[in-house]
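Scroll down for the structure; my scribbles are underneath it.
In what follows, chains carry the letters A, B, and so on, assigned in the order in which the sequence lines appear, proteins first and then strands, with residues in each chain numbered from 1. Just so it is clear, the values below take in all heavy atoms, side chains as well, and ignore hydrogens, waters and symmetry mates.
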Amino acid sequence: DTGVSQDPRHKITKRGQNVTFRCDPISEHNRLYWYRQTLGQGPEFLTYFQNEAQLEKSRLLSDRFSAERPKGSFSTLEIQRTEQGDSAMYLCASSLLQGTGDNEKLFFGSGTQLSVL
Amino acid sequence: DAKTTQPNSMESNEEEPVHLPCNHSTISGTDYIHWYRQLPSQGPEYVIHGLTSNVNNRMASLAIAEDRKSSTLILHRATLRDAAVYYCILRDDKSKAAGNKLTFGGGTRVLVKP
């Protein structure tokens, strides 16, 4: 078990550019979540997948954001036409849903820190 | 959605116990109480969770009030590595229906002094 892996760890981009982040979940985990965290705040939910299906998107996820999880394995989060307000830590988490989900635990990666200049 | 209230920060001495309170007066009967912590420059990590009874694991203990309107996370012997932000989160039926997403508040920043 190598944990949840995110790439890159840091990304600096200019306003208006597109960026893509990758998340590799723990093997056999069927759920994958994306969160965003700004300095001094707790993480905020963006979206989640169950296997390859994207089942919910937060209102925080504007049209410039898109996430995919082809084949229910790794996931990508793309931000188009980045804005300075997109600067944040983007966190990925995975979990194994069993039964009712009452004991579901999320395992987080170390995140991708995005800076938009 | 039921909310939680936590102190912004707490200090502790190394090797001493730390008691982190969490108020959740609007908790419903089916809400689970979850605790996660976030070490500097890392993503959150699961600590413990419970419904009604007190819970213990290798990381911490969770004491839940009889009326469930509050709970306390107990770190029995704080180490420098326990310095982190600790989040108390309610996992409610609405969250479960929506994929068990976690709604994080501001958490409690724990400082451990050597």
Does a sphere of radius 6.0 Å around CZ in Arg64(A) hold more than 12 heavy atoms from other residues, nucleotides or ligands, not counting ones at 6.0 Å or beyond?
-> yes
With a 4.5 Å heavy-atom cut-off, do Phe104(B) and Tyr35(A) have their side chains touching?
-> yes
Ranking Gln113(A), Gln37(A), Gln6(A) by heavy-atom pairs under 4.5 Å to chain B gives rank one to Gln37(A)
Pairwise distance CG(Leu106(A)) to CZ(Arg91(B)) - rounded to 0.5 angstrom | 6.5 Å
Looking at Pro43(A), Gly111(A), Ser110(A), Ser58(A), which one has more heavy-atom pairs under 4.5 Å with chain B than the rest?
-> Pro43(A)
Can you see which heavy atom on Glu104(A) is nearest to which on His34(B), and at what distance?
-> O-CE1, 3.9 Å
Between Leu102(B) and Tyr33(A), is any pair of side-chain heavy atoms under 4.5 Å apart?
-> no
Within a radius of less than 6.0 Å around CG of Leu117(A), do more than 12 heavy atoms belonging to other residues, nucleotides or ligands occur?
-> yes
Between Pro44(B) and Leu91(A), which heavy-atom pair has the shortest distance, and what is it?
-> CD-CD1, 4.0 Å
Using the rule that two of Ile, Leu, Val, Met, Phe, Trp, Tyr join whenever any of their side-chain heavy atoms come within less than 4.5 Å, decide whether Leu77(A) and Val4(A) are in one cluster.
-> no
Point-to-point distance, once rounded to the nearest 0.5 Å, from CD of Gln42(B) to CE of Met89(A) = 10.0 Å
Neighbour count above 12 (heavy atom, 6.0 Å) for Leu39(B) CG = yes
Arg109(B) atom CZ, neighbour heavy-atom count above 12 within 6.0 Å = no
How far apart are the closest heavy atoms of Tyr87(B) and Gln41(A), and which atoms are they?
-> OH-O, 4.0 Å
Whether over 12 other heavy atoms sit under 6.0 Å from Glu68(A) CD | no
Do the side chains of Phe108(A) and Tyr36(B) get nearer than 4.5 Å, heavy atoms only?
-> yes
Has Asp67(B) got more than 12 heavy atoms of other residues, nucleotides or ligands less than 6.0 Å from its CG?
-> yes
